[in-house]
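Note that the numbering runs from 1 along the sequence shown for the chain.
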Amino acid sequence: MEGQIELLDYLDSLEKKGFDILDYIPTGQRNAVTRSELCRRTGLNDRVMRVAIHKARRKIPILDMQDGKGYFIPDMNVESDRRTLKCHVQQEESRLKNIGWALREERRTLRNCGIDWRSYDEQQTERETG
């Protein structure tokens with residue numbers, strides 16, 4: 001995934017220059033901002049923005065309730081934001097379990113066919129890069 005590595009290098013270079021996406025994501029659900037607005041404010045394109053948000057989520061919860069209002073950091077001083085974060089964690093835990101069960105069967109099928117899913121597939125890489 002050469003393009004992905006270059007994108008991560010680009011984000012790392014932004015961080016070294018002092019850019020932090022967390023400076024642009026508001027606190028509190030009532031202040032949520034759309035990704036397109038974040039792109040406009042930062043000058044980053046949508047793909048770079050998605051990766052920046054993904055990386056920032058390793059540091060602090062950033063929610064998007066899929067309601068069109070956008071991204072926000074829950075304000076833990078506001079009861080409704082605390083409830084929203086709790087519900088979001090419960091939802092994602094359930095999703096994680098469901099994905100785990102599906103992956104279990106997929107891994108078993110590969111193992112039954114003598115395929116190690118953890119090995120790097122050079123043919124797949126060639127198909128992806130053309």
Spatial distance of atom [atom1] ([X]) from atom [atom2] ([Y]) [nearest 0.5 Å]:
X	Y	atom1	atom2	answer
Asp46	Ser36	CG	OG	8.5 Å
Arg50	Lys55	CZ	NZ	15.0 Å
Glu92	Leu63	CD	CG	9.0 Å
Asp81	Lys86	CG	NZ	15.0 Å
Glu37	Thr42	CD	OG1	9.5 Å
Arg95	Ile99	CZ	CD1	7.0 Å

Original post:
So do the side chains of Leu38 and Tyr71 get within less than 4.5 Å of each other, counting heavy atoms only?
Top reply: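 SC-SC contact between Leu38 and Tyr71 confirmed.
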Original post:
Does a side-chain heavy-atom distance below 4.5 Å link Leu85 with Met76?
Top reply: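 Yes, at least one pair of side-chain atoms sits under 4.5 Å.
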Given the rule that I, L, V, M, F, W and Y join up when any side-chain heavy atoms are under 4.5 Å apart, are [X] and [Y] in one cluster?
X	Y	answer
Met65	Ile73	no
Ile60	Ile21	yes
Phe72	Val33	no
Ile53	Val48	yes
Leu44	Leu22	yes

Original post:
Please walk me through it: do Lys69 and Asp64 pass side chain to side chain contact (heavy atoms under 4.5 Å, CB included)?
Top reply: CA-CA 8 Å; Lys69 295 180 181 174; Asp64 175 10; over 6 Å; no
**OP:** Give the C-alpha distance, both sets of side-chain angles, the deciding distance and a yes or no for side chain to side chain contact (heavy atoms under 4.5 Å, CB included) between Asp75 and Arg30.
**Re:** CA-CA 10 Å; Asp75 185 341; Arg30 69 190 176 286; 4.2 Å; yes
**OP:** Could you tell me which non-hydrogen atom of Ile62 sits nearest to which non-hydrogen atom of Arg57, and how far apart they are?
**Re:**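 Distance-wise, the nearest heavy atoms are O-NE, 2.9 Å.
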**OP:** Of all the heavy-atom pairs spanning Pro61 and Pro74, show the shortest one and how long it is.
**Re:** O-CD, 3.4 Å
Subject >> Criterion side chain to side chain contact (heavy atoms under 4.5 Å, CB included) on Gln29 and Val78, from CA distance to verdict >> reply: CA-CA 9 Å; Gln29 187 170 5; Val78 175; over 6 Å; no
Original post:
Is any side-chain N of the basic residue among Lys97 and Glu93 closer than 4.0 Å to the acidic one's carboxylate O?
Top reply: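 Looking at Glu93 together with Lys97, the answer is no, because their closest N to O distance does not fall below 4.0 Å.
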**OP:** Verify the ring-centre separation between Phe19 and Tyr24: is it less than 6.0 angstrom?
**Re:**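 Ring-ring flag for Tyr24/Phe19: true, centres closer than 6.0 Å.
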